[in-house]
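Data block below; observations after.
Residue numbers begin at 1 in each chain, while the letters A, B, ... track the order of the sequences. Quick caveat, the model's predicted, so the values are computed rather than measured.
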2 protein chains.
Amino acid sequence: MSTTMRAIQPANSLPPRPETPGLTADALDFLEQFGSTVRVRQGHKIYGAGEPAAFCWKLLSGCARTVKFMADGRRQVAEFLWPGDLLGLDDVGTHYFAAEAVTDTMLRRYPRSAVEAQANRHPDLALRLRSLALANLRRAHQQIILLGRETAKERVVSFLLDMDDHAVTAEGRLMVLPMSRTDIADYLGLSIETVCRHLVRLQREGILAIRRTGIELLDRAALREITS
Amino acid sequence: MSTTMRAIQPANSLPPRPETPGLTADALDFLEQFGSTVRVRQGHKIYGAGEPAAFCWKLLSGCARTVKFMADGRRQVAEFLWPGDLLGLDDVGTHYFAAEAVTDTMLRRYPRSAVEAQANRHPDLALRLRSLALANLRRAHQQIILLGRETAKERVVSFLLDMDDHAVTAEGRLMVLPMSRTDIADYLGLSIETVCRHLVRLQREGILAIRRTGIELLDRAALREITS
DNA sequence: CGCACTCTTGAGCGTTCTCAAGTGGAGTGG
DNA sequence: CCACTCCACTTGAGAACGCTCAAGAGTGCG
């Protein structure tokens with residue numbers, strides 16, 4: 001598979017919506033000796049669907065996505081990745097999803113053979129890897145509920161609240177969304193127009209403001225009310 | 001979380017649609033000493049959402065489902081479980097989904113503390129647990145694509161092909177579906193009426209026959225064509 | 001300034017949903 | 001054994017939500 005494993009949960013004021021265990025990266029630190037740093041430019045692939053899962057990756061900077069195409073071109077985005085997140089650990093033989101850079105990214109790449117070998121010798125690393133897989137699984141299950149049973153408006157709001165934990169810029173209020181509307185639509189199982197319209201509708205309700213460079217959340221309580 | 005971990009992949013003539021690694025249950029065998037056998041009747045809960053994940057379970061016989069309710073009653077079924085499948089292993093602290101018996105079931109129950117303790121000492125068990133988590137993750141990702149980007153007709157057909165691997169009766173052709181239409185609808189993110197209508201439509205096309213006790217697949221090639 | 005691209009807006013359509021009624025077994029009690 | 005009830009499933013009609021197609025607005029870049 002191609003999703004990701006969230007390695008570090010940043011200590012935000014708002015707790016992240018996916019309730020992940022408090023993981024730190026320390027148990028992975030001694031893998032550093034096997035790592036190499038890679039740069040992937042905006043829009044380019046990190047790894048492809050169907051390719052052997054020879055490496056796993058840690059996102060150092062930028063934003064990435066995991067995607068899968070259907071035969072006729074329909075696309076599903078499974079996850080967005082943020083600095084500190086791990087990619088490619090959830091595929092056994094070959095990658096199920098592809099991974100692509102949403103913005104210019106820097107990554108650290110580790111051979112899977114080294115990871116597996118170390119995991120065999122260090123129970124704490126094995127436990128960490130399992131915890132990461134389970135944290136990913138929980139997020140996948142949350143996405144299943146979102147896609148299976150939430151309305152378009154609820155999906156957009158859920159997305160905004162999720163992004164609120166990740167995409168906040170240093171200068172306060174404005175939430176910068178590095179991904180395109182198309183990415184958001186394919187992540188939420190909607191059309192790009194539906195995403196647009198609901199954002200505009202929320203803006204008219206005074207809940208948010210759409211800016212040139214991002215979105216400003218004006219009434220988080222109202223957003224949380226919508227997702228109930 | 002509350003989904004399941006598929007322990008054994010039965011050697012069917014048709015390969016199962018989710019490409020899981022070839023797992024056998026042997027590495028879990030020495031947990032048997034900690035297990036106890038439990039019977040859960042049709043419709044009753046095995047464990048509830050939000051409850052501490054104190055046990056994990058192996059389904060010995062019958063069929064089970066993992067479900068989650070939204071505040072207003074909307075329901076999502078995450079998975080159906082079959083004999084040999086493991087439940088409850090994918091939750092860290094508390095169960096995210098609930099698990100319920102679709103039919104009368106027999107289960108084997110293991111304390112998580114014992115599982116964790118053994119996993120710490122036996123790297124092969126730790127690896128097995130991780131493989132199970134990753135197999136579950138892959139199936140969750142397949143469900144995400146189904147829910148995000150497939151049409152109602154495609155979802156119903158995907159479901160039928162999945163069930164074809166599990167629910168086959170000994171007496172040949174008839175596929176017995178132990179779960180209700182409501183379960184199927186909540187699994188596929190559809191309304192019960194939409195599931196019905198598409199089944200009838202497929203029957204009219206001569207692809208299947210709806211029987212009192214189940215469904216007979218008449219043209220599997222046509223079904224596979226639909227999911228492309 | 002013009003081109004390319006993303007995002008927004010509009011109109012109309014279609015799939016799916018909701019609400020409602022009807023059907024048919026399975027089980028129960030007379 | 002036959003009514004009666006209950007429940008799951010099916011079928012129908014109409015509405016609603018989200019999609020498609022199309023055009024327009026805004027932005028960045030050469």
Side-chain angles (χ1 to χ4, degrees), chain A residues 41-43 63 65 70 72-77 102-104 146-160 175-205 208-216 226, chain B residues 42-43 63 65 70 72-77 102-104 146-160 175-204 208-216 226:
Chain A
R41 298 233 170 237
Q42 178 175 132
C63 177
R65 63 179 173 248
M70 296 177 68
D72 59 358
R74 280 176 285 181
R75 191 181 80 142
Q76 179 68 38
V77 172
V102 172
T103 65
D104 288 355
L146 181 143
L147 295 171
R149 284 300 177 221
E150 291 190 12
T151 65
K153 184 177 189 181
E154 288 169 339
R155 296 185 203 190
V156 170
V157 169
S158 291
F159 172 76
L160 291 172
M175 178 171 72
V176 176
L177 297 180
M179 71 291 288
S180 68
R181 294 287 191 269
T182 303
D183 281 343
I184 298 173
D186 288 343
Y187 177 65
L188 298 178
L190 299 171
S191 73
I192 179 174
E193 296 94 334
T194 297
V195 172
C196 268
R197 278 187 253 268
H198 279 286
L199 284 176
V200 169
R201 214 166 292 178
L202 290 165
Q203 180 170 237
R204 281 203 211 103
E205 296 172 17
L208 55 78
I210 303 171
R211 305 258 183 258
R212 190 164 331 292
T213 50
I215 289 177
E216 189 176 334
I226 290 168
Chain B
Q42 177 174 133
C63 177
R65 63 179 172 247
M70 298 178 67
D72 58 358
R74 280 175 285 180
R75 192 181 80 144
Q76 178 70 36
V77 172
V102 172
T103 64
D104 288 354
L146 181 143
L147 294 171
R149 286 296 177 225
E150 291 190 11
T151 65
K153 184 176 188 180
E154 288 168 339
R155 296 185 203 190
V156 170
V157 170
S158 291
F159 172 77
L160 291 173
M175 178 171 71
V176 176
L177 297 180
M179 71 291 288
S180 68
R181 295 286 192 271
T182 304
D183 282 342
I184 298 172
D186 288 344
Y187 177 66
L188 299 178
L190 300 170
S191 73
I192 179 175
E193 295 92 336
T194 298
V195 172
C196 268
R197 278 188 252 266
H198 278 287
L199 285 176
V200 169
R201 214 167 292 177
L202 290 165
Q203 180 171 234
R204 280 202 213 105
L208 54 79
I210 302 171
R211 305 258 182 258
R212 193 162 326 292
T213 51
I215 289 178
E216 190 176 334
I226 290 168

For A:Arg155 and A:Leu147 the tightest heavy-atom approach is NH2-O, 3.2 Å
- Query: What pair of heavy atoms forms the shortest contact from B:Tyr187 to B:Gln76, and how long is it?
  - Reply: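 Closest heavy-atom pair between B:Tyr187 and B:Gln76: O-NE2, 3.3 Å.
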Which nucleotide wins on minimum distance to the side chain of [X], given the candidates [options]?
{"X": "B:Ile210", "options": "D:dT10, C:dT18, D:dC19", "answer": "D:dT10"}
{"X": "B:Arg212", "options": "C:dG25, D:dT10, C:dT9", "answer": "C:dG25"}
{"X": "A:Cys196", "options": "C:dC7, D:dC19, C:dT16", "answer": "C:dC7"}
{"X": "A:Arg181", "options": "D:dT10, C:dT8, D:dC19", "answer": "C:dT8"}
{"X": "A:Glu193", "options": "C:dT9, C:dT8, C:dT16", "answer": "C:dT9"}
{"X": "A:Val200", "options": "C:dT9, C:dC17, C:dT8", "answer": "C:dT9"}

Can you find a donor-acceptor pair, distance only, under 3.5 Å between B:Arg197 side chain and C:dT18 base?
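Check passes, donor-acceptor contact within cut-off.
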Nearest-Å distance, [atom1] ([X]) to [atom2] ([N])?
{"X": "B:Ile184", "N": "D:dA8", "atom1": "CD1", "atom2": "P", "value": "13 Å"}
{"X": "B:Arg211", "N": "D:dA8", "atom1": "CZ", "atom2": "C1'", "value": "19 Å"}
{"X": "B:Glu154", "N": "C:dT16", "atom1": "CD", "atom2": "C1'", "value": "14 Å"}
{"X": "A:Lys153", "N": "C:dC17", "atom1": "NZ", "atom2": "C1'", "value": "19 Å"}
{"X": "B:Gln42", "N": "C:dA26", "atom1": "CD", "atom2": "C1'", "value": "13 Å"}
{"X": "B:Asp183", "N": "D:dC7", "atom1": "CG", "atom2": "P", "value": "16 Å"}
{"X": "A:Ile192", "N": "D:dA22", "atom1": "CD1", "atom2": "C1'", "value": "14 Å"}
{"X": "A:Gln203", "N": "C:dT8", "atom1": "CD", "atom2": "P", "value": "9 Å"}

- Between the side chain of B:Arg149 and the main-chain N/O of A:Leu190, is any donor-acceptor distance below 3.5 Å? yes
Worksheet entry | Residue mapping more 5' on DNA chain C - nearest nucleotide basis, A:Arg204 or A:Met179 |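 Taking each residue's closest nucleotide, the earlier one in sequence belongs to A:Met179.
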- Heavy atoms under 4.0 Å, any strand shown: does B:Ser180 hit a base, just sugar-phosphate, or nothing? sugar-phosphate
Check your understanding: Which is true for A:Leu199 with a 4.0 Å heavy-atom rule: it touches a base, it touches only sugar-phosphate, or it touches nothing?
Key ->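 Here A:Leu199 touches no strand at all.
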request  = Tell me, with the steps shown, if A:Thr182 and A:Arg75 meet side chain to side chain contact (heavy atoms under 4.5 Å, CB included).
outcome  = CA-CA 10 Å; A:Thr182 303; A:Arg75 191 181 80 142; 4.2 Å; yes
With a 4.5 Å heavy-atom cut-off, do B:Met175 and B:Leu160 have their side chains touching?
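Sidechains of B:Leu160 and B:Met175: in contact.
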Counting just side-chain N and O atoms, does A:Ser191 come under 4.0 Å of either OP1 or OP2 of D:dG18? no
**Asked** Does OP1 or OP2 of C:dT15 have a side-chain N or O of B:His198 closer than 4.0 Å?
**Response** no
